[in-house]
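Both ligands and their constituent atoms are indexed starting at 1 by order of listing.
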Amino acid sequence: MDIILYPDPRLRARNQPITSFDAALAETAEEMFELMYKNQGVGLAAPQVGANIRLMVFNPGEKEGETGEEIVLCNPKIVAKSKDKEHGDEGCLSFPGVSGSIARHLFVRVTAQNLQGEKIDLEFRDWDARVFQHEFDHLDGLVFVERMTAVDKTVAKPILEELRADWADAQTASQEG
Ligand code: CO
C-alpha cells in the first residue's frame with residue numbers, strides 16, 4: 001500500500017459505500033494507520049491509497065502533532081454542523097509541499113459505521129472537526145486545494161505544476177517499463 005499523489009485520478013473518482021465489514025476492510029484500515037503514522041499524517045482517506053471506498057482513518061490527538069485516539073469511520077455522514085467557520089493551515093499527504101489556509105466548520109456531528117458495521121454517532125470540534133472535514137472531502141473526491149483562498153492557490157500553483165510533471169513522468173516510465 002502506498003499513498004497516491006496529485007494528480008492521480010483516483011483522488012477525484014467516486015467512492016463506493018462500504019457494504020462488507022470483513023477482515024479485508026479491517027486490514028485496509030490497519031495498513032492506512034501505519035502509512036499515516038509513517039508519514040507524520042493525522043488523517044488518511046481510502047482514495048489516497050487508491051481504494052475508492054468511503055473509509056477514513058484519523059488520529060488528531062489533543063493538539064496538532066500529538067497522538068490520541070484512533071478513529072475509523074465507514075460511510076460517514078455529516079448530520080449537523082456549526083454555522084461558524086474558522087480558517088486554519090492544512091496540508092495533505094497526497095500534496096507534498098503544498099499547504100494553505102482553509103475555512104472549516106468549528107463543529108460537526110457525524111453518523112458513521114465502525115469496522116463491524118455498527119452505527120456510531122460522534123461529535124468533533126475545532127482541530128478534530130478540521131481533520132474530519134478534510135478527510136470527508138476526500139470521500140467526495142474533493143481535495144483541499146479547491147477550497148484554498150486565491151492567494152494560497154497562487155502560491156501553490158508552481159508546486160502543483162511540479163507534481164503534475166512528476167506524475168506524467170511516472171506514467172511514461174511505467175508504460176515503458
Ligand atoms: Co488530504
**Message:** Centre-to-centre under 6.0 Å for F136 and F124, is that the case here?
**Reply:** no
**Request:** Give a yes or no on whether the backbone of T28 and the side-chain of E31 come within a donor-acceptor separation of less than 3.5 Å.
**Result:** no
**Request:** Please round to the nearest 0.5 Å and tell me the distance separating atom CZ of R130 and atom CD of E90.
**Result:** 5.0 Å
**Request:** Below 2.8 Å of the Co ion (ligand 1), tally up the protein N/O/S atoms for me.
**Result:** 3
**Under 3.5 Å: donor-acceptor pair, side chain of E30, backbone of A26** = no
**Item:** Close side-chain approach of V98 to C92, heavy-atom, < 4.5 Å
**Value:** no
**Message:** I'd like to check the salt bridge (Lys or Arg N to Asp or Glu O under 4.0 Å) partners of D140; sequence neighbours left out, ordered by chain and number.
**Reply:** R54
